[in-house]
Amino acid sequence: VSLLQAILFDLMANYKLNDSAHLADEVQKALYKRVSSKFHGSRNLGVKQGPFFVLVGATMPSILVETAFLSNEMEEARLADPQYQDATAEGILKGIGSYITGLRRD
């Protein structure tokens, strides 16, 4: 029974990873499009995968979004800008919407 449980857990984890990767891709595309249209010099660092502690054990598609880095002075200043905050929130929302729309088509 424990072997069967391990196999089922592995299948669910891989399924979640695929969904998470798709969600991350949609959010990244929408976020970059929104931010780069208003804030020149924005960089697209792409989607990375890793065993991020905050995502371990999630039972649904899950992602970690980094909108800027405090180690970069220009990005740190943007984080305090309400327009930048709105642009990142709108981009994330648009990406989630695209992900959900894709689920409905499948």
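The figures that follow rest on heavy atoms only: side chains count, while hydrogens, waters and symmetry mates do not.
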Enquirer: Any idea how Phe39 and Tyr84 line up, ring-wise: parallel (<30°), tilted (30 to 60°), or perpendicular (>60°)?
Expert: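 Geometry flag for Tyr84 against Phe39: perpendicular rings.
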Enquirer: Same hydrophobic cluster for Leu70 and Val35, using side-chain heavy-atom links shorter than 4.5 Å among ILVMFWY?
Expert: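 Per the 4.5 Å side-chain linkage, Leu70 and Val35 are co-clustered.
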Enquirer: Using every non-hydrogen atom in the two residues, find where Gly91 and Ala30 come nearest and quote the distance to one decimal.
Expert: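 Minimum heavy-atom contact is O-CB, 3.3 Å.
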Enquirer: Between atom CG of Asn44 and atom CG of Leu31, what is the distance when rounded to the nearest 0.5 Å?
Expert: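 Spacing of CG (Asn44) from CG (Leu31) equals 9.0 Å.
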Enquirer: For atom CD of Gln49, is the number of surrounding heavy atoms from other residues, nucleotides or ligands below 6.0 Å larger than 12?
Expert: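 Result for CD/Gln49: open.
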Enquirer: As an exercise, state the distance from CZ of Arg34 to OG of Ser42, rounded to the nearest 0.5 Å.
Expert: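 Reported to 0.5 Å precision, the distance equals 12.0 Å.
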Enquirer: Just verifying a value: how many Å separate Lys38 NZ and Arg78 CZ, rounded to the nearest 0.5 Å?
Expert: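 Those atoms lie 13.0 Å apart.
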Enquirer: Locate the shortest heavy-atom distance separating Leu64 from Val54; write the atom from each residue and the value.
Expert: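 The answer is CD1-CG2, 4.3 Å.
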Enquirer: Is there a side-chain contact between Glu75 and Glu66 in this structure, where contact means two heavy atoms from C-beta onward sitting under 4.5 Å apart?
Expert: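 No, side chains not in contact.
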Enquirer: Would you call Glu76 and Phe69 a side-chain contact if the rule is heavy atoms closer than 4.5 Å?
Expert: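 Of all side-chain heavy-atom pairs linking Phe69 with Glu76, none is under 4.5 Å.
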Enquirer: Linking I/L/V/M/F/W/Y whenever their side-chain heavy atoms sit closer than 4.5 Å, directly or via other members, would Phe52 and Val47 fall into one cluster?
Expert: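 No; Val47 is not reachable from Phe52 via cluster members.
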Enquirer: Quick one: are Asn18 and His22 in side-chain contact, heavy atoms under 4.5 Å?
Expert: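 Result no, sub-4.5 Å side-chain heavy-atom pair not found.
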Enquirer: Rounded at 0.5 Å granularity, tell me how far CD1 in Ile96 sits from OG1 in Thr101.
Expert: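 If I round to the nearest 0.5 Å, the distance is 11.5 Å.
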Enquirer: Measuring from atom OG1 of Thr88 to atom CD of Glu90, what distance do you get when rounded to the nearest 0.5 angstrom?
Expert: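 Rounded to the nearest 0.5 Å, the OG1-CD separation comes to 8.5 Å.
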Enquirer: Looking only at non-hydrogen atoms, find the nearest pair between Pro61 and Ser20 and report the distance.
Expert: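 Looking at all heavy atoms of both residues, the shortest contact is CA-OG, 3.3 Å.
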Enquirer: What distance do Ile100 atom CD1 and Glu26 atom CD have between them, rounded to the nearest 0.5 Å?
Expert: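 That separation rounds to 11.0 Å.
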Enquirer: Please tell me if the side chains of Thr67 and Val65 come closer than 4.5 Å, counting only heavy atoms from C-beta onward.
Expert: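 Yes - at least one pair of side-chain heavy atoms lies under 4.5 Å apart.
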Enquirer: Would you name the heavy atoms of Leu79 and Gln85 that are closest together and state the gap between them?
Expert: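 Looking at all heavy atoms of both residues, the shortest contact is O-NE2, 2.7 Å.
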